[in-house]
Amino acid sequence: MLNSHPPFVCVENHRVVGWTPDDPFVLGKRTKTRVFPEKRALDQIGGADAAHALYDDEAVGTRLVERSIEWLCKHRGGPFFLYLATTQIHHSFTPAPRFRGSSQCGIYGDFVHEMDWMVGEIMNTLKGLNLEENTLVVLTSDNGGMFNGGGQDAWRAGHRLNGPLLGFKFGAWEGGHRVPFIVRWPGRVPAGSTSNALISHIDLMATLAALVRQPLGESEGPDSYNLLSAWIDSRPDRGRESLVLAVLRLTHLAIRHGKWVYIGARGSGGFRGRKGNRYERGGPGALLLTGEVNSGIEEGRLKAGAPPGQLYDLESDHRGSTCIIGILSGSKR
């Protein structure tokens, strides 16, 4: 399910829960659903009223946890793979009522608290089933935090969505795509260890296939690398050497190689909304609020002499403050 755009329904075993042939979906009709800030395109897909009525935005997290726990209990006796893709903390931010006001960072922070609770419930279940020491757990995110209305409110309250990294979701700057990747595997991954190895989510396929000794054909995950050794050994040379990132605007294709990242255009390549924009704020305009520094940006806009591309040394400048190819601006080579 997706909690930001219609249809706002639940899907189980490839079927929409509560859907019936005499109550079809209707394109271009307003959906019957609760309205929350940053819940989008409500006039895009309507109909299926019974199915929509079963979708409770504030209960999604609890429902996913309950079904996950049921599934774990059912499969406790053998090998299992649980993929829990939460709507936390994607917009719209709709934490369960018991989490509202639990943080000091507004509704965004409350939704983070609910996600933390969800992870805790899964871990407590594994412990209760005596599976805690024999289960590999991976926790990660699909992209950096988004600087929409809720994200801006959280920033004003002191929360840094992407830590010290420059940029936000959809963009090529580090804050748009460098995300936490936590692996818990007792007896294999040393507790408390960290790694600077370069990895990508697409490497999960080859890595997990290697873990269960499942050969992959030539057409199966051709861009996926087995990085099992990077999980077990924290040495950075166990990871990838390079990675290509395609963000919202393909003009901003980014290439990471070792400590270097090159972005083939100016700005972030993500949202470009400026002051007052509650949904698509990002790129240079976001710096008006964040106060972050980038050598190609001034007063929330691209500098007139900003270079046509960007090159950063992430070892010395992981925040993305200084683009070091300004000298090439205007070069014909």
Is the shortest distance from a Lys or Arg side-chain nitrogen in [X] or [Y] to a carboxylate oxygen in the other one below 4.0 Å?
{"X": "K39", "Y": "D57", "result": "yes"}
{"X": "R67", "Y": "E12", "result": "yes"}
{"X": "E114", "Y": "R98", "result": "no"}

Among residues at least two apart in sequence or on other chains, which ones pass ring-ring contact (aromatic ring centres under 6.0 Å, His included) with [X]?
{"X": "H159", "result": "Y108"}
{"X": "F271", "result": "F170, Y279"}
{"X": "W185", "result": "none"}

Q: For residues E174 and R319, determine if any side-chain heavy atom of one lies less than 4.5 Å from a side-chain heavy atom of the other.
A: no

Q: Decide yes or no for L136 and L211: does some side-chain heavy atom of the first lie under 4.5 Å from some side-chain heavy atom of the second?
A: yes

Q: For residues 119-132, pull every pair meeting salt bridge (charged side-chain N to carboxylate O under 4.0 Å, His left out), keeping only residues two or more places apart or in separate chains.
A: E132-R184

Q | Where at least one partner belongs to residues 140-168, residue pairs that pass salt bridge (charged side-chain N to carboxylate O under 4.0 Å, His left out), sequence neighbours excluded | A | D153-R156, D153-R278

Same cluster or not: are [X] and [Y] linked, directly or through other Ile, Leu, Val, Met, Phe, Trp or Tyr residues, by side-chain heavy atoms under 4.5 angstrom apart?
{"X": "W155", "Y": "L287", "result": "no"}
{"X": "F81", "Y": "I122", "result": "no"}
{"X": "I263", "Y": "I255", "result": "no"}
{"X": "L126", "Y": "V183", "result": "no"}
{"X": "L72", "Y": "M123", "result": "yes"}

Could you list the donor-acceptor pairs under 3.5 angstrom formed by side chains in residues 47-54, with sequence neighbours left out?
from	atom 1	to	atom 2	distance (Å)
D49	OD2	K32	NZ	3.4
H52	ND1	G47	O	2.9
H52	ND1	A48	O	3.1
H52	NE2	F8	N	3.4
H52	NE2	T31	OG1	3.0

Closest non-hydrogen atom pair between [X] and [Y], with its separation:
{"X": "E38", "Y": "H91", "value": "O-ND1, 3.0 Å"}
{"X": "V179", "Y": "G144", "value": "CG1-N, 3.8 Å"}
{"X": "P6", "Y": "A41", "value": "CG-O, 3.1 Å"}
{"X": "S92", "Y": "F111", "value": "O-CE2, 3.8 Å"}
{"X": "D110", "Y": "P95", "value": "CB-CG, 3.8 Å"}
{"X": "G269", "Y": "V247", "value": "O-CG2, 4.0 Å"}

Q.
Quick one, L82 with S68, criterion side-chain contact (heavy atoms from CB on, under 4.5 Å). Give me CA distance, side-chain angles, the key distance, then yes/no.
A. CA-CA 8 Å; L82 171 66; S68 295; 4.1 Å; yes

Q) Is there a side-chain contact (heavy atoms from CB on, under 4.5 Å) between F147 and T290 once you walk through the steps? A) CA-CA 10 Å; F147 209 49; T290 67; 3.7 Å; yes

Whether over 12 other heavy atoms sit under 6.0 Å from [X] [atom1]:
{"X": "R272", "atom1": "CZ", "answer": "no"}
{"X": "Q104", "atom1": "CD", "answer": "no"}
{"X": "N134", "atom1": "CG", "answer": "no"}
{"X": "E133", "atom1": "CD", "answer": "yes"}

Mind checking the [atom1]-[atom2] spacing from [X] to [Y]? Nearest 0.5 Å is all I need.
{"X": "W71", "Y": "H75", "atom1": "CH2", "atom2": "NE2", "value": "5.0 Å"}
{"X": "L64", "Y": "M118", "atom1": "CG", "atom2": "CE", "value": "5.0 Å"}
{"X": "K303", "Y": "C323", "atom1": "NZ", "atom2": "SG", "value": "10.5 Å"}
{"X": "L245", "Y": "L243", "atom1": "CG", "atom2": "CG", "value": "4.5 Å"}
{"X": "R178", "Y": "N162", "atom1": "CZ", "atom2": "CG", "value": "11.0 Å"}
{"X": "S268", "Y": "R249", "atom1": "OG", "atom2": "CZ", "value": "7.5 Å"}

Q.
Apply side-chain contact (heavy atoms from CB on, under 4.5 Å) to residues V65 and T62 and explain how you reach the verdict.
A. CA-CA 5 Å; V65 165; T62 300; 5.9 Å; no

(Q) Quick one, V112 with D116, criterion side-chain contact (heavy atoms from CB on, under 4.5 Å). Give me CA distance, side-chain angles, the key distance, then yes/no. (A) CA-CA 6 Å; V112 173; D116 182 67; 5.6 Å; no

Under the 4.5 Å side-chain heavy-atom rule for ILVMFWY, direct or indirect, which residues accompany [X]?
{"X": "F36", "value": "none"}
{"X": "L250", "value": "none"}
{"X": "L165", "value": "none"}
{"X": "L253", "value": "V244"}

(Q) Test your reading of the model: is there a side-chain donor-acceptor pair from H318 to the backbone of L314, 3.5 Å cut-off? (A) no

Q) Between the side chain of Q44 and the main-chain N/O of K29, is any donor-acceptor distance below 3.5 Å? A) no

Q. With a 6.0 Å cut-off on ring centres, are W260 and Y312 close enough?
A. no

Q. Have H90 and N3 got a donor and an acceptor in their side chains that come within less than 3.5 Å?
A. yes

Q.
Distance alone, cut at 3.5 Å: any donor-acceptor contact between the side chains of S103 and H113?
A. no

Which donor-acceptor pairs under 3.5 Å do side chains of residues 14-22 form with protein atoms, sequence neighbours excluded?
from	atom 1	to	atom 2	distance (Å)
T20	OG1	D22	OD1	2.6

Q: Quick one: do R100 and E58 satisfy salt bridge (charged side-chain N to carboxylate O under 4.0 Å, His left out)? Show the steps, please.
A: CA-CA 10 Å; R100 285 186 173 266; E58 296 179 329; 3.4 Å; yes

Contacts under 3.5 angstrom, residues 191-208 side chains, donor-acceptor by atom type, not counting sequence neighbours:
from	atom 1	to	atom 2	distance (Å)
S193	OG	P190	O	2.7
S195	OG	A197	N	3.0
S195	OG	S234	O	3.3
S200	OG	I202	N	3.3
H201	NE2	T140	OG1	2.9
H201	NE2	S141	O	3.2
D203	OD1	Y225	N	2.9
D203	OD1	R240	NE	3.3
D203	OD1	R240	NH2	3.0
D203	OD2	S200	N	3.0
D203	OD2	R240	NE	2.8
T207	OG1	D203	O	2.7
T207	OG1	Y225	O	3.3
T207	OG1	L227	N	2.9

